[in-house]
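These notes are about the structure you will find just below.
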Amino acid sequence: MEHEDTAGKLYHIRYPYADGSGHVVVATTRPETMLGDTAVAVHPDDERYSHLKTIGIKLPLTDRTIPVVYDHHVEREFGTGALKVTPSHDRNDYEIGLRHNLERLKVMDDSGIMNDAASPYAGLDRFACRKQIVADLEAQGFLEKIEEYAHAVGQCYRCKTVVEPTTSLQWFVSVKPLAAQAVAAVRDGRTAIHPKTWYNTFYAWMDNIRDWCISRQIWWGHQIPAWTCDACSHFMVEEHAPGSCEKCGSAKLTQETDVLDTWFSSALWPFSTLGWPDDTKELKLFYPTSVLITSFDILFFWVARMMMMGIHIMGEVPFKDVYLHALVRDKHGKKMSKSTGNVIDPLVVMAEYGTDALRFTLTAFAAQGREIKLAEERIEGYRHFINKIWNAARFALMHIKECDPAISKDIDPAALPLAHRWILHRLNQAITETRQALDDYRFNDAASTIYQFVWNEFCDWYLEWIKSDLYGDNATAKAQSQAVLLAVLENVLKLLHPITPFVTEEIWHVLPGERTSIMVEAFPTPNPAWDDGEAAELAALFMGIVGGIRNIRSEAMIHPSAEIEVLIVCHDETKHAGLTSLAGSLKTLTRTGTMAVQKEGTRPKGAASYLYTDIEIFVPLAGLVDVDKEQAKLKKDQDKTEAELARCQGKLANEKFMANAPEEIKAKEREKVAEMEAKLEKIKAGMARLAELR
RNA sequence: GGGCGAAUAGCUCAGCUGGGAGAGCAUCGGCCUUACAAGCCGAGGGUCACAGGUUCGAUCCCUGUUUCGCCCACCA
């Protein structure tokens with residue numbers, strides 16, 4: 001059942017006092033239910049109606065006289081402050097009826113047809129009856145007015161038929177004691193919920209739980225094991241059909257035709273699927289299980305109930321961890337449903353973008369709190385990523401296809417050039433971060449870690465960096481590159497395999513050597529021998545310099561294929577040495593013909609520049625340099641640096657900061673100040689030099 | 001009405017216990033450079049909804065406001 005706001009009508013009806021001395025006006029959206037009215041309710045403190053206690057109301061269109069009851073549920077301000085009470089066809093009225101011991105009069109049957117109690121309207125459909133009632137009320141002068149009225153109408157979630165509340169006999173489970181057990185299990189950590197934002201919701205639901213109606217009037221389900229004696233109407237609930245009534249001994253018993261609520265049956269799933277109630281091997285092995293993964297929208301319906309049943313029947317929680325993933329919605333944020341027709345069919349998406357792309361997308365979206373708006377553009381983006389892996393593998397295979405697969409096994413990083421030491425170091429970090437993310441159920445972080453490593457580091461930097469070795473004729477350099485390339489690729493494939501099984505399996509089999517499925521490979525573990533902080537530091541410097549040179553090229557509109565000349569001025573001894581050793585790589589990655597790395601030097605005439613920390617990069621442009629543009633660039637850099645410097649100095653000058661901030665933060669600020677000051681000096685010198693050249 | 005959650009770049013979203021704001025897509029400029037134009041290189045873009053408070057310091061913690069979403073209850 002779902003509620004939908006509907007434009008309806010509010011009928012105001014005059015109910016005459018039984019002594020004919022006046023009338024009260026009541027309002028209803030369903031006038032046909034008046035036939036089932038067994039009272040009129042008013043607020044106990046409402047003096048307008050205090051005199052009606054002994055008089056009563058004459059119910060229009062009938063010959064019945066109904067009492068006036070006094071109940072706090074009635075709002076004095078709504079309408080006339082008088083409420084017609086139909087205990088059999090309204091939930092609140094039912095409650096009022098209980099409080100005042102009112103008669104319950106059902107006036108329509110389960111098909112929505114008015115019954116004999118509604119005579120003379122018996123046999124009419126409820127809506128036809130409504131028309132007739134309104135016409136009759138009008139004709140007899142009982143209708144005060146009709147208003148347009150928007151209200152929520154309960155209707156069937158599938159066929160949209162308006163649902164009428166009515167009373168019926170149903171089976172209930174007193175669920176509070178079970179809920180308390182489940183709450184205790186979560187509170188003391190026997191079951192953990194991820195992400196933890198759901199704890200609040202879980203507790204809120206469980207603490208306010210109401211008795212659970214478990215009977216359903218449908219065909220498909222577990223039949224309720226209850227029998228009624230035909231002779232004395234005695235109820236029996238038994239595991240097996242009883243032979244005779246335990247009360248009167250009659251053998252004529254009828255089993256309850258209602259079936260159990262789906263969630264009742266589903267709540268048994270953790271053990272009923274393992275052979276319970278027999279004490280099976282499977283039950284011993286798999287109960288309790290480690291983790292349950294499901295969507296948050298059934299945390300209450302399913303998860304909580306499995307816990308209640310599991311604790312009650314098995315004496316132990318059914319699972320240790322619950323991972324709640326988001327719910328996929330359409331791109332407008334609407335819940336997908338078959339009846340609405342806004343379902344994105346995974347098969348169609350997979351056919352268009354690839355299964356791995358869809359899997360990667362869903363993994364990358366896993367962090368979102370409650371809903372995933374599945375936009376196809378995102379899937380498309382990740383298809384590009386799958387494609388990128390494929391192409392990177394193709395490139396690698398060009399160079400390692402004929403290699404001995406053992407080359408990736410015993411790599412001694414100490415003997416390797418920077419590129420390899422750096423990528424192995426980064427691979428280690430990627431492995432560590434990915435494992436941690438998976439352990440913490442942060443699947444999106446795992447996906448993003450691998451994505452960034454593969455695309456931004458492995459492809460964009462490492463492959464470009466080692467190309468010259470792979471294509472060159474230095475046998476040692478080539479062999480080293482092949483070995484590390486294979487090692488990194490193997491690890492990348494294994495890291496990716498749980499998310500993108502198809503492309504990784506495919507590539508795995510074309511790698512050199514005899515290989516069984518990647519599925520049986522162990523998930524990568526970090527290799528401590530690959531950790532190399534120094535390499536990471538030097539690589540960062542290297543990349544910064546490459547970035548600087550590329551920036552100059554781009555801003556000066558130098559054609560990518562044109563060779564340039566570069567002068568790097570770096571007076572730090574260590575950095576100077578590092579850059580000198582990397583000059584070859586710097587040249588390849590920036591299309592530089594001649595490169596000089598000096599400890600001292602100034603801007604050559606007509607050179608464009610870039611400042612990376614306090615290292616100056618100059619590229620002579622054969623007089624083509626735009627001095628104004630260069631000045632503007634330096635000015636912008638200066639403003640930014642000065643602002644940042646002022647901020648840091650402000651902090652360090654603040655006594656309270658110095659008194660309260662942790663030492664490492666203070667050290668960091670001091671470091672920044674030194675860095676900024678050095679940079680500013682360079683900028684000022686650069687601007688002065690530029691002015692001379694004008 | 002009660003509860004929960006969200007508000008960060010044009011869009012879709014990350015940002016773990018407070019310490020110099022990130023990604024993808026989109027945009028702008030340049031490139032078919034022998035893995036990949038589904039690509040490469042470079043660049044621009046955000047008073048982290050608003051107002052207070054706590055703190056040396058707030059996107060992050062607290063209070064209030066606004067807008068949106070979900071759940072529960074209900075609307076005679």
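In what follows, chains carry the letters A, B, and so on, assigned in the order in which the sequence lines appear, proteins first and then strands, with residues in each chain numbered from 1. Quick caveat, the model's predicted, so the values are computed rather than measured.
Side chain of Pro560(A), nearest nucleotide from C56(B), G30(B), A23(B): G30(B). Proximity note for Tyr451(A) (side chain, C-beta onward) versus A35(B), G24(B), C56(B): the nearest is G24(B).
The same atom, P, is picked in C70(B) and in G10(B); the two are 26 Å apart, to the nearest Å. If you take atom P in U63(B) and the same atom in C4(B), they sit 11 Å apart, rounded to whole Å. Comparing the C1' positions of G39(B) and A49(B) gives a spacing of 38 Å, expressed to the nearest Å. Remark: the separation of the C1' atoms in C11(B) and G57(B) is 33 Å, to the nearest Å. Spacing between G20(B) and G46(B) at atom C1', rounded to whole Å, works out to 16 Å. Remark: the separation of the P atoms in A14(B) and G2(B) is 28 Å, to the nearest Å. U34(B) and A21(B): their P atoms are spaced 40 Å apart (whole Å). A gap of 30 Å separates the C1' atoms of A73(B) and C62(B), to the nearest Å.
Summarising the base pairing, U12(B) is matched to A23(B) through a Watson-Crick or G-U wobble pair whose two defining distances lie under 3.5 Å. Base pairing of G52(B): its partner is C62(B), meeting the Watson-Crick or G-U wobble criterion (both donor-acceptor distances under 3.5 Å). For G29(B), the paired nucleotide is C41(B), the pair qualifying as Watson-Crick or G-U wobble because both relevant distances are below 3.5 Å. Of all nucleotides present, only C4(B) satisfies the Watson-Crick or G-U wobble test against G69(B), with each distance under 3.5 Å. When both distances must be under 3.5 Å, the Watson-Crick or G-U wobble mate of U47(B) does not exist. Remark: U34(B) base-pairs with no nucleotide; criterion is Watson-Crick or G-U wobble with both hydrogen-bond distances under 3.5 Å.
Among the atoms of the strands shown, only primed sugar atoms or phosphate atoms (P, OP1, OP2) are found under 4.0 Å from some heavy atom of Asn92(A). No engagement by Met34(A) is indicated, since no non-hydrogen atom pair under 4.0 Å with the nucleic acid exists. Note on Phe300(A): nothing from the nucleic acid sits closer than 4.0 angstrom, heavy atoms only. Residue contacts shown for Lys672(A) include a base, since a base heavy atom lies under 4.0 Å away. Among the heavy atoms of the strands, none lies under 4.0 Å from Met658(A). At the heavy-atom level, Thr86(A) lies nowhere under 4.0 Å from the strands shown. Within 4.0 Å of Val85(A), counting heavy atoms only, lies no atom of the nucleic acid at all. Residue contacts shown for Arg442(A) are absent, as no nucleic acid heavy atom lies under 4.0 Å away. Within 4.0 Å of Leu10(A), counting heavy atoms only, lie sugar-phosphate atoms of the nucleic acid but no base atom.
Note on ring orientation: taking the six-membered ring where Trp is involved, the planes of Trp263(A) and Phe301(A) are parallel (angle under 30°, cut-offs 30° and 60°). Between His72(A) and His43(A), the angle of the ring planes goes over 60°, which puts this pair in the perpendicular group of the 30/60° scheme. In this structure, Phe453(A) and Phe458(A) have parallel ring planes: the angle between them is below the 30° cut-off, well short of the 60° mark. Ring-plane geometry between His399(A) and Tyr471(A) is classed as perpendicular, the angle between the planes exceeding 60 degrees on a 0 to 90 degree scale with a lower cut at 30. The aromatic rings of Phe443(A) and Tyr441(A) stand perpendicular to each other, their planes meeting at an angle above 60°, with 30° marking the opposite boundary.
With Trp461(A) as the aromatic partner, Arg550(A) meets the cation-pi criteria of under 6.0 angstrom to the ring centre and within 45 degrees of the ring axis. A cation-pi arrangement is absent between Lys467(A) and Tyr462(A) under the rule of less than 6.0 angstrom and at most 45 degrees off the ring axis. Under the 6.0 Å distance and 45° angle rule, Arg305(A) counts as a cation-pi partner of Phe300(A).
Atom CE in Met206(A) sits roughly 15 Å away from atom P in C72(B) (whole-Å rounding). Distance His559(A) NE2 to G29(B) P: 16 Å, rounded to the nearest Å. Summarising the geometry, the separation between CD1 on Ile450(A) and P on A23(B) is reported as 19 Å, rounded to the nearest angstrom. Put simply, CZ on Phe657(A) is 12 Å from P on C56(B), counting in whole angstrom units. Between the CZ atom of Phe202(A) and the P atom of C72(B) there is a distance of 16 Å, given to the nearest Å. Atoms CD (Glu664(A)) and C1' (G18(B)) sit 13 Å apart, rounded to a whole Å. Counting to the nearest Å, the P atom of A35(B) and the CG atom of Leu397(A) are 13 Å from each other. Nucleotide C70(B) holds its P atom 18 Å from the CG atom of Leu299(A), rounded to whole Å.
Of all non-hydrogen atoms in Val186(A) and Phe202(A), the two that sit nearest each other are CG2-CE2, 3.4 Å.
The side chain of Asn456(A) places no N or O atom within less than 4.0 Å of a non-bridging phosphate oxygen (OP1 or OP2) of A23(B). When the side-chain nitrogen and oxygen atoms of Lys467(A) are compared with OP1 and OP2 of A35(B), one or more of them lie within a distance under 4.0 Å. At G30(B), none of the side-chain N or O atoms of Arg553(A) fall inside 4.0 Å of OP1 or OP2 (strictly under the cut-off).
Residue Met398(A) is the one, among Met398(A) and Thr28(A), whose nearest nucleotide of RNA chain B lies closer to the 5' end (criterion: closest heavy atom). Nearest-nucleotide positions on RNA chain B place Glu669(A) closer to the 5' end than the other of Tyr382(A) and Glu669(A).
Remark: nothing in residues 66-73 of chain A comes within less than 4.0 Å of RNA chain B through any heavy atom.
Within 6.0 Å of atom CG in Asp473(A), 12 or fewer heavy atoms from other residues, nucleotides or ligands are found, so the atom counts as exposed in its surroundings.
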Worksheet item: For every nucleotide of nucleotides 37-47 of chain B, 5' to 3': is a protein heavy atom under 4.0 Å from its base (B), only from its sugar-phosphate (S), or from neither (-)?
Response: -BSSSSSS---
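Salt bridge Glu644(A)/Arg647(A): present, at least one basic N to carboxylate O contact under 4.0 Å.
Taking the ring centroids of Tyr382(A) and Tyr451(A), they lie under the 6.0 Å cut-off.
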Practice prompt. List the steps and the verdict of side-chain contact (heavy atoms from CB on, under 4.5 Å) for Val566(A) and Phe618(A).
Written response: CA-CA 6 Å; Val566(A) 172; Phe618(A) 299 113; over 6 Å; no
